[in-house]
Amino acid sequence: MNLFRLLGDMTHLLSIIVLLLKINATRSCRGVSLKTQELYAIVFVCRYLDLFTNFISLYNTVMKVIFLGSTFTIIYWMRFHKVIRVTYDRDQDTFRYQFLIIPCLLLSLILNSEFTVMEVLWTFSIYLEAVAILPQLVLLQRTNNIDNLTGNYIFLLGSYRALYILNWIYRFLTEPNYRQYLVWISGIVQTIVYIDFFYYYIRSWKNNEKLSLPA
Amino acid sequence: EDVDFGHDEL
């Protein structure tokens, strides 16, 4: 565990807390993509199957449970909470899951480090995480109504990815034989996905304007 | 072999 990894995980955790607080405090999930949240739920379930088979540390176990629990809480609120679900932008959040899930699944069947159920699902989760934010970004662009908290949520998620890249560089330099090419490439792709958003986020912050993405 | 690495990350 190095500082970049810890900061990355904490930023990831903070992003989810921001989203939970926003939805809970405003009783509204306007601007939040249920598709992205459900893709993250798939990512976490597929990746954390090893909760039952492979104990790494108490820290890892606790964080995994928090990520799973918080994501399912958000999905539950957006689908079933009698006040919150009414505020969901159902008609705008139309990105199709299969466009992301099927290519990632096929890729994980071809490109993996071991052809076992656990390993293929783990690899699938790595690929899917790289693109899971896309429905959220599309929704933002469509509604063009980005409140600060939703903007901060996405900014924190992007920051978490950038910190993970620093973590990999640090580990590569300090741990002998540390290599994980599939994770690195997916992680870099995932971070690139945020660059456009970062540009507009920082620009709006510098100009003290409300964040909006060009159509 | 990179199986052991990465699985210790979240």
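Convention: sequence-line order gives letters A, B, ...; per-chain numbering from 1. Hydrogens, waters and symmetry mates are skipped; everything else that's a heavy atom, side chains included, is used.
Under the 4.5 Å side-chain criterion, counting only non-hydrogen atoms from C-beta, A/H12 is not in contact with A/M63.
For chain B, no part of A/N112 is nearby; none of its heavy atoms comes within less than 4.5 Å. No part of A/F55 comes within reach of chain B, as not one of its non-hydrogen atoms sits under 4.5 angstrom from that chain. Both the backbone and the side chain of A/N60 come within less than 4.5 Å of a heavy atom in chain B. With a threshold of 4.5 angstrom between heavy atoms, A/Y164 approaches chain B through side-chain atoms but not through N, CA, C or O. Using a 4.5 Å cut-off between heavy atoms, A/W168 contacts chain B through its side chain alone, with no backbone atom that close.
Checked by atom type and distance alone, the side chain of A/N2 never pairs as donor or acceptor with a backbone atom of A/R171 at under 3.5 Å. Side chain of A/R142 to main chain of A/D93: no donor-acceptor pair is present (N/O by atom type, distance under 3.5 Å, no hydrogens or angles). One N or O on the side chain of A/T87 and one on the backbone of A/C29 form a donor-acceptor pair closer than 3.5 Å.
Screening A/N54, A/L121, A/V117 for a side chain to side chain contact (heavy atoms under 4.5 Å, CB included) involving A/L49 leaves a single residue, A/L121.
With chain B as partner, the option from A/F44, A/Y48, A/F67 having the largest number of non-hydrogen pairs under 4.5 angstrom is A/Y48.
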